[in-house]
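Quick notes on the structure that follows.
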Amino acid sequence: MPIHNSDIAEQFDEVADLLEIEGANAFRIRAYRNAARTLRDLAHSVAGMVRDDADLTELPGIGKDLAGKIETIVETGKFPQLEDLKKDVPEGLVDVLGIAGLGPKRVQKIHEELGVTDLEGLTKAAKEGRVRKLSGFGKKTEDNILHELETRGSGETRTQRREAEGRAEPLVDYLAGTKGVDKVVVAGSYRRRKETVGDLDILVTCTSDSPVVKRFVDYEDVRDVISKGETRSTVILKNGLQVDLRVVESASYGAALHYFTGSKAHNIHVRRMGQDQGLKINEYGVFRGDKRIAGKTEEEVYAQVGLPYIEPELREDRGEIEAARTGKLPELIELDDIRGNLHSHTKASDGANTLREMAAAAKERGWAYIAITDHSKAVRVANGLDEDRLAKQIDEIDAVNDELEGITLLKSIEVDILEDGGLDLPDSILKRLDLRICAVHSHFRLSRDKQTERVMQAMDNPCFTIMAHPTGRLIGTREAYAIDMERIIEHARQTGCILELNAQPERLDLNDAHCKMARDAGVKLSIGTDAHTTGQLDFMRYGIDQARRGWVTADDVVNTRSLKDLRKLVAR
DNA sequence: GCCGTTTTCGGCCCGACTGTTTTCAGTCG
């Protein structure tokens with residue numbers, strides 16, 4: 001059973017949690033968390049690196065000690081240090097640490113003085129009024145703990161970007177209407193365009209007498225007010241989403257925007273660079289001594305540490321600072337670069353619109369072409385096309401194209417990859433199409449090797465043009481099927497196949513790390529909306545967001561090309 | 001536990017808010 005990066009990352013995070021409760025050195029704890037993050041962000045398998053005898057200490061945040069621990073985990077499947085820690089610290093305390101307002105010190109105290117070892121014990125102790133009697137605790141703290149225990153959902157939840165937008169936009173409009181308010185902007189992972197957000201960070205600039213904080217906590221969608229100060233406030237919305245408000249004066253806008261956009265790792269890196277030059281960087285500006293020397297814009301902040309502006313989507317401390325320093329930042333793709341869409345459905349299978357309607361909607365968006373990719377017959381629930389129906393659709397598209405102006409329908413199909421790696425329709429009909437996108441819709445539970453080989457075999461068929469939603473994941477509801485993306489990307493490179501970045505907001509498949517990996521390998525991408533209605537063609541922007549997070553440029557994406565150039569690219 | 005264009009030892013980002021305290025520890029982002 002191969003060990004995945006995320007397995008090791010999880011164990012490192014668990015060690016960090018347990019060490020925290022033990023009261024270990026904070027920097028040692030951070031080292032484990034940093035290492036966990038490095039492993040999660042890594043596009044290739046660290047187990048593979050161990051197998052190849054690669055030097056793990058080359059990875060950021062991994063030194064001699066952690067490299068050794070990774071090797072032990074990969075080679076033996078065991079992590080003795082974690083086992084030992086679990087003997088010393090009850091595991092249930094990790095859940096207790098997850099309660100907002102309870103940090104390591106308080107958890108320790110609750111454990112030592114009240115004998116609490118898990119959430120159940122904590123609930124009992126709080127209900128019996130024993131928590132408030134501890135020194136440093138009080139009635140209010142106890143009430144907060146009980147409230148938190150009652151209202152918290154099941155574990156950690158992140159909100160999908162589209163849902164977050166639905167909450168953020170009206171709130172921004174509401175705040176912008178407040179007296180004295182100048183700018184209102186959503187920062188945080190929302191601005192970095194992550195596929196999901198943990199909370200919303202809203203930054204406001206306003207006059208000193210603006211009632212914006214009061215207006216914020218009075219917002220009708222607020223369920224709980226966690227804190228409310230002069231420059232900061234935190235609330236929980238009725239759907240459980242946390243929103244943080246930060247207020248700064250205009251002179252600090254850029255510094256605050258940079259700070260609250262993050263990521264934390266990116267900020268720490270930039271601050272350290274500032275420190276090396278005798279500068280202090282905080283949310284109010286860049287300071288030499290007590291004198292603020294920058295802060296009005298983000299560009300100013302970066303300039304002070306000798307860097308060009310870095311796009312928010314890149315700010316994950318995944319090499320963007322080095323790239324900026326050496327002038328190697330990618331010129332990220334933009335929505336305007338897109339010339340067409342290569343994944344769309346019609347009424348013929350499970351879409352809602354006709355060929356003409358889809359063509360008109362694509363033209364409205366300024367595109368030059370749209371590929372019609374209805375399902376093939378294996379997907380019965382979606383009324384997939386057999387050979388005869390596809391042949392009819394080919395004729396129909398030819399006829400419609402004769403009437404259309406300024407937009408071209410491309411003949412295509414989303415053909416199923418069968419369990420044995422064959423395609424669901426004969427080559428004879430597939431060859432009549434302009435391009436073919438190929439997809440896995442069944443047998444998700446094959447072993448990693450079998451799944452990988454199934455797809456690679458399909459890629460060997462010259463009819464294979466684009467791999468649709470390559471890992472099959474649905475954000476928050478279905479894990480990716482087991483597949484070795486390193487091998488898939490390498491095979492795509494060798495065969496000239498294209499990988500799709502599916503832009504459906506619950507798919508966004510490839511993820512950002514895989515986009516970068518494909519790009520680094522020189523494999524071309526297609527950003528496809530997978531639209532089942534004309535309106536879903538607007539999902540293109542989610543795909544662009546994800547691509548930008550993957551360092552993707554317009555040149556890396558086939559559907560930024562003119563129709564003529566696209567035809568050349570899809571011919572293998 | 002990591003890391004190094006002054007360093008292989010001694011640093012490690014920085015400020016706001018809450019609750020319980022009488023000047024601040026703990027927590028959070």
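For the pair A:H258 NE2 and B:dC13 C1', the computed distance is 12 Å after rounding to whole Å. Going from atom NZ of A:K228 over to atom P of B:dC17 covers 11 Å, rounded to whole Å. In this structure, A:N282 places its CG atom 8 Å from P of B:dC14, rounding to the nearest Å. When rounded to the nearest whole Å, the span between NE2 of A:H147 and P of B:dG19 equals 12 Å. To the nearest angstrom, P of B:dG1 lies 16 Å from CD of A:Q11. Regarding A:L203, its CG atom lies at a distance of 15 Å from the C1' atom of B:dA16, rounded to whole Å.
No contact: A:K109 has no heavy atom under 4.0 Å from any strand.
The cationic atom of A:R315 (NZ for Lys, CZ for Arg) lies less than 6.0 Å from the six-membered ring centre of A:Y309 and within 45° of the ring axis.
No side-chain donor-acceptor contact under 3.5 Å links A:H266 and A:E316. A donor-acceptor contact closer than 3.5 angstrom is absent between the side chains of A:E142 and A:N144. A:T207 and A:K179 share no side-chain donor-acceptor pair at under 3.5 Å. Side-chain contact, A:H147 with A:D224: a donor N or O sits under 3.5 Å from an acceptor N or O. Residues A:E195 and A:Q546 have side chains that bring a donor and an acceptor to within less than 3.5 angstrom of each other. Side-chain contact, A:E20 with A:Y32: no donor N or O sits under 3.5 Å from an acceptor N or O.
With a 3.5 Å ceiling on both atom-pair distances, the Watson-Crick or G-U wobble partner of B:dG11 is B:dC2.
For the OP1/OP2 pair of B:dT20 and a distance below 4.0 Å, the side-chain nitrogens and oxygens of A:K139 include no atom meeting the criterion. The side chain of A:Y284 contributes no N or O atom lying less than 4.0 Å from OP1 or OP2 of B:dC13. Under 4.0 angstrom from either OP1 or OP2 of B:dC17 there lies at least one side-chain N or O belonging to A:T231.
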Contact letters for nucleotides 21-29 of chain B, in which S counts primed atoms plus P, OP1 and OP2 and B counts the base, heavy atoms under 4.0 Å:
S----SSSB
If the sugar-phosphate is the primed atoms plus P, OP1 and OP2 and the base is the rest, what is the B/S/- string for nucleotides 3-8 of chain B, using protein heavy atoms under 4.0 Å?
S-----
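Near DNA chain B, meaning a heavy atom under 4.0 Å away, the residues from residues 19-41 of chain A are A:N25, A:F27, A:R28, A:R30, A:A31, A:Y32.
Between A:H44 and A:H514, the distance from one ring center to the other does not fall under 6.0 angstrom.
Residues A:K69 and A:Q81 are in side-chain contact: their nearest non-hydrogen atoms beyond the backbone lie under 4.5 Å apart.
Position along DNA chain B of the nearest nucleotide to A:I268 versus A:E142 favours A:I268 as the more 5'-ward residue.
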